[in-house]
Every structure is written in C-alpha cells, then in structure tokens.
Number of protein chains: 2
Amino acid sequence: MAVTIYDVAKRAGVGIGTVSRVINESPQITAATKTKVLKAIKDLNYQPHALAQGLARKKTQMIAIVVPFFTGYFFNELLRGIQQEIFKYQYNLVLYNIDEGEQIDELLKKALRERRVDGALLISHQISDKIANKIKISSLPFVLVDSYHPSLDSIVVENKQGAFEATRHLIQLGHKKIGMIDGQLKSSPAKIRLEGFKQALLEYNIPFKKEYLVISDYITGQHGFNREAGYHAMKQLLKLAPNHPTAVFVSSDIQAVGAIKAIDETGLKIPQDIAIVGFDDIEIAEFLGLTTMRQPMLEMGKLAVQRLISKISNTASKDFKISFSTKLVIRNSCGALGHSRM
Amino acid sequence: MAVTIYDVAKRAGVGIGTVSRVINESPQITAATKTKVLKAIKDLNYQPHALAQGLARKKTQMIAIVVPFFTGYFFNELLRGIQQEIFKYQYNLVLYNIDEGEQIDELLKKALRERRVDGALLISHQISDKIANKIKISSLPFVLVDSYHPSLDSIVVENKQGAFEATRHLIQLGHKKIGMIDGQLKSSPAKIRLEGFKQALLEYNIPFKKEYLVISDYITGQHGFNREAGYHAMKQLLKLAPNHPTAVFVSSDIQAVGAIKAIDETGLKIPQDIAIVGFDDIEIAEFLGLTTMRQPMLEMGKLAVQRLISKISNTASKDFKISFSTKLVIRNSCGALGHSRM
DNA sequence: ATCAGTTTTGGAAGCCCTTCCATGAATTGA
DNA sequence: TCAATTCATGGAAGGGCTTCCAAAACTGAT
C-alpha cells in the first residue's frame, strides 16, 4: 500500500492537518515543524495522491485540449505553445480528438461533467449557438482557439483579413482568373477564409465564378485540410483548361503541397502558368518557396493557456476576444519575385 | 453544488449502493429497480465524479504519453493510432513533453507516483539502466515505443535493419562514398540507425569515414530531427567537395527535406550528383520523390495502447518485445528509377 | 505567576465514490 | 406451512486529501 498523509503525520509526530499545511505551503507553520515534516516526507518518499487532492480541492490541475484532427501541421505548432505554457503553471494536458461539432456535446458530458478537467481549449471548431449555449450553462472555463462565437472567449487569427490580403496580392499581380481551394465549410477557418476571398474579388470588381471554387474533400477526417485533398482539388481546377485560373488561393499550405504536385504533373509551371498563395506557413512552405499567410500559432497557444488558467482561478476579466493578424510571406510561388526556380 | 450519488439514491428511493451497482452494471439488480434508478439519473442529469470514482476504484482511466518533442512528423502519425485505440477503451490521454532522459525521473514522481495515470507510453526515449530500474520498481505499467530496454516492454521498429537496408540500397546502386546525417545520439533510434549504417559499410567492405557522418544539432529540442538541422548537416558534407559523398543516408525524412534544400542551393542534382535515402516516409516524402524507409507508425500506436491496457488490467502476458519491420519505398531521390524529375 | 491575545496545531468532517457485510425479502423444497 | 437457501438491497467503511473549528501552545505585559 502506498504511503499516505497519515504515515507522514505519524512519522513526524504531528497531525495530518499540519502535514497538509506543509505540503500546501501554508504560512502559519513553525520553521521547526516544517523541517520535521519535510524530513518525514523525504524519508517515506511520500507523494500526495492527485485524485484525493483533486477531490478535496475540487480542482484537478488538468485541462483538456479538444482538436478536430491530429494530422494538422497547424495543430503541431499550437500544441507546442500550449505545452510550453501549461508546464509553467503545473497543469496537465488531456487530449481529446473530436471531429464533428455535435460530439462536443458528448465531450461536455464525459470529460467535463465528470470533472476530469478544470477547463478546456477548443481548437478550430465551428461552434453552433446550441453548443455555445450548453457550454455557457456548464459554467466550465472554456476558450476557443481558431474559432469564434460571440458569447464565448475566443482567440482567432484574422482569417478573413488574411484571406483578403492573400487574394488581393494575387489581384495586384495582375491576375483576373483567380481560383480558391478551400477546406470543408463546417470548419470555421475554411468558411471565413472564403469570405475574405470573395470580398477581395468584390472590391476589385472581379466576378466570383462558382467553378473556380473547389471545396476539397477527397478524404474525410481533416476537413479537407490535407495533401491529397489539395491535389484532387487542383486537378479539378485544371480540368477547366484552357480556362483554368491563372492564380489560386489555397486555404492551407498542406493542401497547397498537393496542389503544387498536381500542377507539376500536368507540366505547367509555377508561378508562370499558375500562381499559388497558401495559408499557415508550415515548415515546408519555405522549402517549397510557397508564398503564404503566416499564423502566429505558438503565441496563440500560449495566450490560450494563460487565459484559460486565469478563468479557472477566477481572475479573468469579463470579455475576451483576441484576434491575431496574419502576415504575408512572399516567396516564389506567387510570381512577385520573378520567375525564379520553380 | 453538483448532483451526487446521494441525490440520485434519494430521488429513486433506493440506497446509494444500488445506484452504484446500476452505474457499474452489476448483474444482481432487478429490472424494476434498475429502471427506477436510470430514470432518476436522467431526471437529475447525474454524472459520476471521475475523481471520486478513481479514488475508490484505484483507477484513473487515464494513461500518459510521454514524448520528447512535438514537432516530429513521426509522432503525429503515432498519436493518431494511439488516439484511435484509446477511444475504444474509454481511456483518456494525458500528454507530457520531456526532452532529457533524466526528466523521466521527475515524471515518474509527478504524474505517476501522484497516481494521476494508470500507465504510460514512453515514446522515442533512450532509457538508461538506472531509469529502467526505477520504472521497474515503481511497478507502474509502462510500454516503450520506438525505443528498447531489455527489462521493459518495448515496441520498436527494426531501426538497425532498416538503416542497414537503406545503406545497402545505396551501395548496390554503386556508391562508394556514402555519408550519413543522423540525429543526436541520445535519441535511441538515431543511435541504432547509425549502427545499421556502419554494419552495411562493413559488410560491403567500405571503410567508415568519420567526416562522412554528421550528427545534426543545429537547433536543440528535437534531437536534431528537424529541417534546419538537416540543412546545416548537408552543408557541412558539401564542404568536403570535391570529395563529398555521392550518396547520403539521412536518418529522418524531415532532415532530408533540409538536406535536399542544401543540395539544391549549391546547384547539384539529386540523384545524379548526390543520392538520398531518408527514413520515416512522412507525408511529403512522396511529394518530394524521396526514397525512404517506411515505418508502420499507426499500427505501432495501436498496439502500444492495447498492450498497455492489458498490463493495466493484469491480463498481460509476461514478456513483450515487438519489432516492426520497415519497408524501403523507392522513389526518385536514390537514382534507382533513373534520373527523372529532380 | 497570571491573563488576554495571538499563533500553531490536531483531527473531525467532508469531498464522492465503491465495496463489503448484514439484513430482510423472496424462493425453494418437503 | 416452515425451515433453508438464495438474492437484491441499504448503508457503513474506506479511499487520501483539505479545511474548519476548537484546543493547545505560545507571547508579552502586568
């Protein structure tokens, strides 16, 4: 049987309350008793039982991160930020993988009403009003990351503005036939980036052509944000030849990777024949010379943790909507640098 | 205050023991009472408190996954397998990020002696005898994935054989000047792949040249398994020109991505001037036409979870050493297919 | 030495479950 | 019909902690 607080108390010749106070660094403890207790703890190699502590304190020191898919490169970077920050606060991270918005319901029940975690970060999830309401009612600390709902804390990237700028960049390079490859619209960023795309066209008086928009969904599970989906989406655009777009805004770099391959295969040149702008600035974007919109993912992760923890400890300010802006990283794929090396 | 088992008992007009039995699907319960209790549970929207259950049952339904770094593409795929499997068993996954082997010590203390989790998966960690011993003593269920220790359960990939075959492939293509770019040797796969590399040279009577081995460590935190590190390592090899290797075995695809870039920049051609074989078969390997050793990561993840859970429930067989074999995926970068398209 | 005030300490109660044991009801057989 | 079983049920005990309250141990001034 493991050693408990009673064993420590007995060994140190004090009461359990005193031991507890030492553990929790209560100020009202004599230096002498503190030393005694500390020694006993070390002698017995005692470690408090997290569950028992959690039960008594009504705090688990755990937070949930709920992600729609794992393959995302976006998610990787975000996770790194979250992990770095969470470590500082001595919290533990529980990972949940949820694809459909409705499953959040189930999660609320399981992980949260079970009180397994003190709060949760919801990543890249489109939140319906119904779900938002349930979250509110649950009165559990929540922070949305990379998605938005008016009644919940959210940290987002300016997807609309980013998509707008990416598209505008292509327009300013002289393109008139501009396509877009997007992810499934149930993914919130996919939906919003489409809006930005459309707005740029509108503002520059370029008619939106339905056949120039391809929602990529070749395989399921990642909302179309993957390489194959991008590849097949681009194939579809290329079928429109000779009337295919001369420029394409792709809603994620990983899709762009597939799209580039598709273009490559038909013998067309990037950017001469087709210019590409992606979104995310994932690691290989630089390698590929892919022009893209960079998202400050690491920072978002850190901020999300800070906010969540301040909510958990009730020191949170009332409202919280943070919007990170994106930054256009110009490389070769858009043609702005001339036609070098692609 | 949340609703407890007492509230349910009162409402259903039964004792708490009965409610508990219903929750845990004990057989000895009348259909009638079961219905009553179930109704009360639904009426009150009752959800058992995970911590209280855990305390009473001495089981947390949580398992830890301990990874040395997050950026790894390898890890992504593995995580997917783990997640899929864990979901079936109704476990929750707690994520720990640990870089140095010695930190495992601390982890053992924190997460495990705190009994926050029922067991742990240790990913890609070099385990010293000392640590292995501590793990044994802790008597907590552990499974090593992608690393090996004689006294612990391990699931590995045949790194040595894989590296051997990758190198042999290059030898059989006629190369004599063969280099290797490896990760930090404190990473277990890095160390073992080096052995396989050396053995292949030995077997084919090619002397091992120290300057042809570069341990990549440009930035820390991922044991050299990243793009920049690969880039710089290759730069170093290229400095040996005109006596640079004509073929390089790179210990991970992501490093190979960097290496390819470095080669590209000097105007050399792959595979004509330098042939490359990687390791992992990450998503973009296909895109890049990178010849590589494929690892069955998803399967490893699933198997690891199965094994861990059977250990937790004491149904585990005595010993467990599984070795997955790798598979050479031939693409353009090695030159075996001729000199197309690179 | 005494008293009031202050600080430190011990331990019961409470957090919410599971499980075991005892109880009483139902069932069986003669 | 009654004793002997069997079986569902209630609830105390136990799991290991925190916290509150009361008691004990101080403090220093008289």
Side-chain angles (χ1 to χ4, degrees), chain A residues 1-38 40-41 44-62 90 110-118 313, chain B residues 1-38 40-41 44-62 90 110-118 313:
Chain A
M1 190 52 48
V3 20
T4 73
I5 202 170
Y6 288 91
D7 303 320
V8 176
K10 197 183 293 173
R11 170 119 189 180
V14 300
I16 54 162
T18 305
V19 176
S20 176
R21 269 168 230 126
V22 170
I23 293 168
N24 297 293
E25 296 180 332
S26 156
Q28 68 213 71
I29 282 276
T30 319
T33 39
K34 188 169 174 181
T35 314
K36 261 196 311 193
V37 172
L38 252 24
I41 288 178
L44 298 174
N45 194 19
Y46 167 74
Q47 186 76 25
H49 191 301
L51 264 47
Q53 277 189 324
L55 188 58
R57 290 188 192 152
K58 297 162 180 293
K59 280 277 231 91
T60 65
Q61 292 296 103
M62 300 223 159
Q90 302 255 53
K110 295 279 320 148
L112 307 181
R113 299 226 353 271
E114 266 188 322
R115 270 141 302 176
R116 219 177 253 293
V117 297
D118 297 332
S313 35
Chain B
M1 189 52 49
V3 20
T4 74
I5 202 169
Y6 288 90
D7 303 320
V8 175
K10 197 182 293 174
R11 169 119 188 179
V14 300
I16 54 162
T18 304
V19 176
S20 177
R21 269 170 229 124
V22 170
I23 292 168
N24 297 293
E25 296 179 333
S26 156
Q28 69 218 66
I29 282 276
T30 319
T33 40
K34 188 168 174 180
T35 315
K36 260 196 312 192
V37 172
L38 252 25
I41 287 177
L44 297 174
N45 194 18
Y46 166 73
Q47 186 75 25
H49 191 301
L51 265 46
Q53 277 188 323
L55 188 58
R57 289 190 192 150
K58 297 166 180 293
K59 278 281 229 87
T60 64
Q61 291 296 104
M62 300 223 160
Q90 302 254 55
K110 294 279 320 149
L112 307 180
R113 299 227 352 272
E114 267 188 321
R115 269 143 301 176
R116 218 177 256 292
V117 298
D118 297 332
S313 35

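Both backbone and side-chain heavy atoms feed into the values below; hydrogens, waters and symmetry mates do not. So that the names make sense, note that chain A is the first sequence line, chain B the second, and so on, each numbered from 1.
For residues 25-35 of chain A, there are no side-chain hydrogen bond (donor to acceptor under 3.5 Å, both in side chains) pairs, not counting sequence neighbours.
Looking at heavy-atom distances under 4.0 Å, A:Glu114 makes no contact with the nucleic acid at all.
Contacts of A:Arg113 classified as side chain to side chain contact (heavy atoms under 4.5 Å, CB included), with partners at least two apart in sequence or in another chain: A:Lys109, B:Asn45, B:Gln47. Residues that satisfy the salt bridge (charged side-chain N to carboxylate O under 4.0 Å, His left out) test with A:Arg11, not counting sequence neighbours, are A:Asp43. With sequence neighbours excluded, no residue forms a side chain to side chain contact (heavy atoms under 4.5 Å, CB included) with A:Ala56. The side chain to side chain donor-acceptor pair (under 3.5 Å) check on A:Lys10 picks up nothing, with sequence neighbours excluded. Residues satisfying the side chain to side chain donor-acceptor pair (under 3.5 Å) test with A:Gln53, not counting sequence neighbours, are none.
If you measure from atom CG of B:Asp7 to atom C1' of C:dC15, you get 13 Å, rounded to the nearest angstrom. Nucleotide D:dC17 holds its P atom 17 Å from the CD atom of A:Glu25, rounded to whole Å. Separating the NE2 atom of B:His49 from the P atom of C:dG14 is a distance of 17 Å, rounded to the nearest angstrom. Between the P atom of C:dC20 and the CZ atom of B:Arg57 lies a distance of 14 Å, rounded to the nearest Å. To the nearest angstrom, C1' of D:dG10 lies 12 Å from CD1 of B:Ile5. Rounded to whole Å, the distance from NZ on A:Lys58 to C1' on C:dG14 is 9 Å. Per the geometry, CG belonging to B:Asn24 stands 14 Å off C1' belonging to C:dC20, to the nearest Å. At whole-Å resolution of the value, CD1 in A:Ile23 and C1' in D:dT19 are 14 Å apart.
When distances run from any side-chain atom of B:Leu55 to the nucleotides D:dG15, D:dC17, C:dC15, the shortest one goes to D:dG15. Across C:dC16, D:dT18, C:dT18, the shortest atom-to-atom separation from the side chain of B:Thr4 is found for C:dC16.
Proximity of a side-chain donor or acceptor of B:Asp118 to a complementary backbone N or O of B:Lys59 within less than 3.5 Å is not detected.
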For residues 16-24 of chain A, which side-chain N or O atoms pair as donor and acceptor with protein atoms under 3.5 Å away, sequence neighbours left out?
{"unit_1": "A:Ser20", "atom_1": "OG", "unit_2": "A:Asn24", "atom_2": "ND2", "d": "3.3"}
{"unit_1": "A:Asn24", "atom_1": "OD1", "unit_2": "A:Arg57", "atom_2": "NH2", "d": "2.7"}
{"unit_1": "A:Asn24", "atom_1": "ND2", "unit_2": "A:Ser20", "atom_2": "O", "d": "2.8"}

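The nearest pair of heavy atoms linking B:Val37 to B:Val14 is CG2-CG2, 3.9 Å.
Between its opening and closing five pairs, the helix from C:dA1-D:dT30 to C:dA30-D:dT1 changes axis direction by 40°, a value rounded to 10 degrees.
Listed pair A:Ser20 / D:dC17 fails the phosphate criterion, with no side-chain N or O lying under 4.0 Å from OP1 or OP2.
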- Task: Assign a letter to each nucleotide of nucleotides 6-12 of chain C from its 5' end: B, base within under 4.0 Å of a protein heavy atom; S, sugar-phosphate only; -, no contact.
- Result: --BBBBB

